[in-house]
Amino acid sequence: MTAKKKKSEMINLTIDGRKVQAKPGWTILETARFNHIHIPTLCFHPAVKPWGSCRLCVVETRYGKRGQIAPSCLIHPVHQLEVFTDSERVKNVRRWVLEMLLAECPASREIKELAAQYGITSTRFHITDPKEECLKCGLCVAVCHEVVGVQALTFGSRGVKKQLETPYRIPNSACIGCGCCVSVCPTGALQARLDTVRGDLSRRTGHGFAH
Ligand code: FES
């Protein structure tokens, strides 16, 4: 077998007991989607590189005696891998993730609805800002950089103070108003922020962006 042929060999694995094949380079999430197997996601978009910030897409993988819980948008399958998208372990981790997300962006209707699907209606984690809708997943920043090719958005500060901003917190003429950031936002947080990015400061709250 030539090296070229070996490289293009499909990878055989199972997802939820179903035999499927992955192209070399595909992630578990891409393989599942190709086979119409649902895995919930928030920070994934096929137009940009995945970086695994939300952890909602976790799946359970087993390979021989080894098993782990891992984000499916980052992990590439290997031959004979067993993947479980909806096991008790997976559901348990997703519930924890959703509780954390509810604390992170408690005002997001999308997150509340998603959490409710897993029976989560409240959170044990500390809520810093009850009006927060932004998950800080970075999808809007990535789309602005990688797809639109401008740098109208960035993240400022770190840790719990991390927030979405324009570079140097000033209106940014690089923004072409394409709305890509708004359309990919998984929590609906950006609808009110577009005006701010383009220079309308009337909605600015003083600690970042208006909600
Ligand atoms: S979709 Fe995989 S970590 Fe967010």
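For the numbers below, each heavy atom of this structure counts, side chains included, while hydrogens, waters and symmetry mates do not. Indexing begins at 1, ligand by ligand and atom by atom, following the structure's order. What you see is a predicted model; the values in this text were computed from it and never measured.
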Checklist entry - Cation-pi between R33 and W26: NZ/CZ under 6.0 Å from ring centre and within 45° of the ring axis? => result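 Because its charged atom misses either the 6.0 Å distance or the 45° angle limit, R33 does not stack over W26.
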Checklist entry - Does NZ or CZ of R89 come closer than 6.0 Å to the centre of the six-membered ring of F84, within 45° of the ring's axis? => result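 The answer is no; the distance or angle limit is not met.
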Checklist entry - By residue and atom, what protein N/O/S atoms are less than 2.8 Å from atom 4 (Fe) of ligand 1? => result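 You should have found C43 SG, C54 SG.
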Checklist entry - Going by atom types alone, do T187 and E133 pair a side-chain donor with an acceptor below 3.5 Å? => result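 Short answer, no.
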Item to check | Polar side chain donor-acceptor pair, Y118 to R95, under 3.5 angstrom | outcome: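 No.
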Next on the checklist: Contact between I120 and L102 at the side-chain level, heavy atoms closer than 4.5 Å - yes or no?
Outcome noted: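 I120 vs L102: side chains touch.
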Checklist entry - With sequence neighbours left out, which residue pairs that include part of residues 102-117 fulfil the salt bridge (Lys or Arg N to Asp or Glu O under 4.0 Å) condition? => result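 For residues 102-117: E104-K136, R109-E113.
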